[in-house]
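One structure is given below, encoded as structure tokens.
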Amino acid sequence: MENNSTKRVYDLEDRLIRFSINIISLIEKLPKSYTGKYFANQLVRSGTSPAFHYSEAKSAESRKDFVHKFKIALKELRESSTCMKIIKRKPLLKDQLLDDLLAECEELISIFVKSISTAKQNMKTK
């Protein structure tokens, strides 16, 4: 039987995996132009890496290592957000998936910011 904290951990992992899959789906819709390919290459890296960094953070060797890996994931999420905003404003793509992914990215950024803050606080109290 899973307790609540275990369930939340796996929910975030699943959410990051779904985000990665949706990023891939979005990339496949981008135009095959030079610019479309450039943004596809950029977004495939930044948009899928948070799931990998989160997975690494679960096996962190210390709280400091955990915070470091979460900060990297946060940087990648922010990069993904900026990339998607450029795609939207250009516009390289008009698709509801882009709007949905931007909203999800902002929520994930908030989760990571709060998690990093909480982990830092916990480091100070121990």
Side-chain angles (χ1 to χ4, degrees):
M1 176 159 252
E2 292 181 347
N3 66 32
N4 252 356
S5 64
T6 303
K7 184 165 177 35
R8 276 188 296 215
V9 166
Y10 291 110
D11 285 350
L12 181 54
E13 179 177 48
D14 185 58
R15 195 168 171 177
L16 288 164
I17 290 169
R18 280 185 278 122
F19 180 75
S20 295
I21 291 166
N22 287 329
I23 287 288
I24 293 166
S25 296
L26 179 74
I27 288 165
E28 291 172 346
K29 294 180 179 188
L30 285 171
K32 304 303 180 222
S33 65
Y34 175 83
T35 305
K37 289 177 185 177
Y38 174 83
F39 280 93
N41 287 332
Q42 188 68 34
L43 192 54
V44 76
R45 287 187 300 275
S46 66
T48 58
S49 69
F52 303 130
H53 290 294
Y54 176 77
S55 181
E56 287 181 23
K58 291 190 319 184
S59 299
E61 296 174 8
S62 65
R63 284 185 198 255
K64 186 176 179 182
D65 187 36
F66 174 86
V67 168
H68 175 70
K69 288 176 181 5
F70 257 55
K71 282 182 175 181
I72 295 170
L74 176 59
K75 286 169 63 173
E76 296 292 336
L77 286 166
R78 287 184 170 144
E79 184 177 322
S80 297
S81 176
T82 300
C83 190
M84 287 187 284
K85 287 174 184 174
I86 294 169
I87 290 168
K88 182 177 174 135
R89 290 181 191 174
K90 165 62 179 112
L92 288 175
L93 181 66
K94 292 182 181 180
D95 193 292
Q96 184 60 44
L97 179 57
L98 179 57
D99 293 330
D100 294 344
L101 278 170
L102 269 167
E104 176 66 357
C105 192
E106 294 305 317
E107 287 182 25
L108 289 168
I109 287 169
S110 295
I111 290 167
F112 275 79
V113 166
K114 181 64 177 165
S115 295
I116 290 166
S117 175
T118 300
K120 283 182 173 182
Q121 280 299 108
N122 289 341
M123 284 170 49
K124 289 178 185 176
T125 59
K126 296 213 174 190

(request) Taking all non-hydrogen atoms of both residues into account, name the closest pair between S46 and E76 and its distance. (result) CA-OE1, 3.1 Å
(message) Quick check: closest heavy atoms across F70 and S115, and the distance to 0.1 Å?
(response) CE2-CB, 3.4 Å
[X] and [Y]: same hydrophobic cluster, using ILVMFWY side-chain contacts below 4.5 Å?
{"X": "L98", "Y": "I86", "answer": "yes"}
{"X": "L108", "Y": "I116", "answer": "yes"}
{"X": "I111", "Y": "F19", "answer": "yes"}
{"X": "I109", "Y": "I87", "answer": "yes"}
{"X": "F52", "Y": "L12", "answer": "no"}

(request) Please say whether more than 12 non-hydrogen atoms of neighbouring residues, nucleotides or ligands are located less than 6.0 Å from CD in E61. (result)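 Result for CD/E61: open.
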(message) Tell me every residue that passes side chain to side chain contact (heavy atoms under 4.5 Å, CB included) with T118, counting only those two or more places apart in sequence or in another chain.
(response) K114, N122
(message) Test of understanding: with salt bridge (Lys or Arg N to Asp or Glu O under 4.0 Å), list the residues that count as partners of E79, not counting sequence neighbours.
(response)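 Listed in chain order: nothing, the list is empty.
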Does some side-chain heavy atom of [Y] sit less than 4.5 Å from a side-chain heavy atom of [X]?
{"X": "K94", "Y": "K88", "result": "no"}
{"X": "R63", "Y": "K120", "result": "no"}
{"X": "K75", "Y": "R78", "result": "no"}
{"X": "V67", "Y": "K71", "result": "yes"}
{"X": "R15", "Y": "D11", "result": "no"}

(request) Consider only side-chain N and O atoms of S81 and E106, and report whether a donor and an acceptor are under 3.5 Å apart. (result)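 Note: S81 and E106 side chains meet the donor-acceptor criterion.
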(message) Tell me whether S49 contacts the main-chain N or O of R45 through its side chain, where contact means a donor paired with an acceptor under 3.5 Å.
(response)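 Present.
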(request) In plain terms, say whether D65 and K69 are close enough for a salt bridge, that is, a side-chain N and a carboxylate O under 4.0 Å apart. (result) yes
Contacts table for residues 20-34: side-chain donor-acceptor under 3.5 angstrom, sequence neighbours left out:
| from | atom 1 | to | atom 2 | distance (Å) |
| --- | --- | --- | --- | --- |
| S20 | OG | L16 | O | 3.1 |
| N22 | ND2 | R18 | O | 3.3 |
| S25 | OG | I21 | O | 3.3 |
| K29 | NZ | D95 | OD2 | 3.0 |
| K32 | NZ | E28 | O | 3.4 |
| S33 | OG | G36 | N | 3.1 |

(request) Please state whether the rings of Y54 and F112 are parallel, tilted or perpendicular, taking 30° and 60° as the class boundaries. (result) perpendicular
Let me confirm one number: the [atom1]-[atom2] distance from [X] to [Y], rounded to the nearest 0.5 Å.
{"X": "D100", "Y": "M84", "atom1": "CG", "atom2": "CE", "result": "10.5 Å"}
{"X": "H53", "Y": "E56", "atom1": "NE2", "atom2": "CD", "result": "6.0 Å"}
{"X": "Q42", "Y": "T82", "atom1": "CD", "atom2": "OG1", "result": "10.0 Å"}

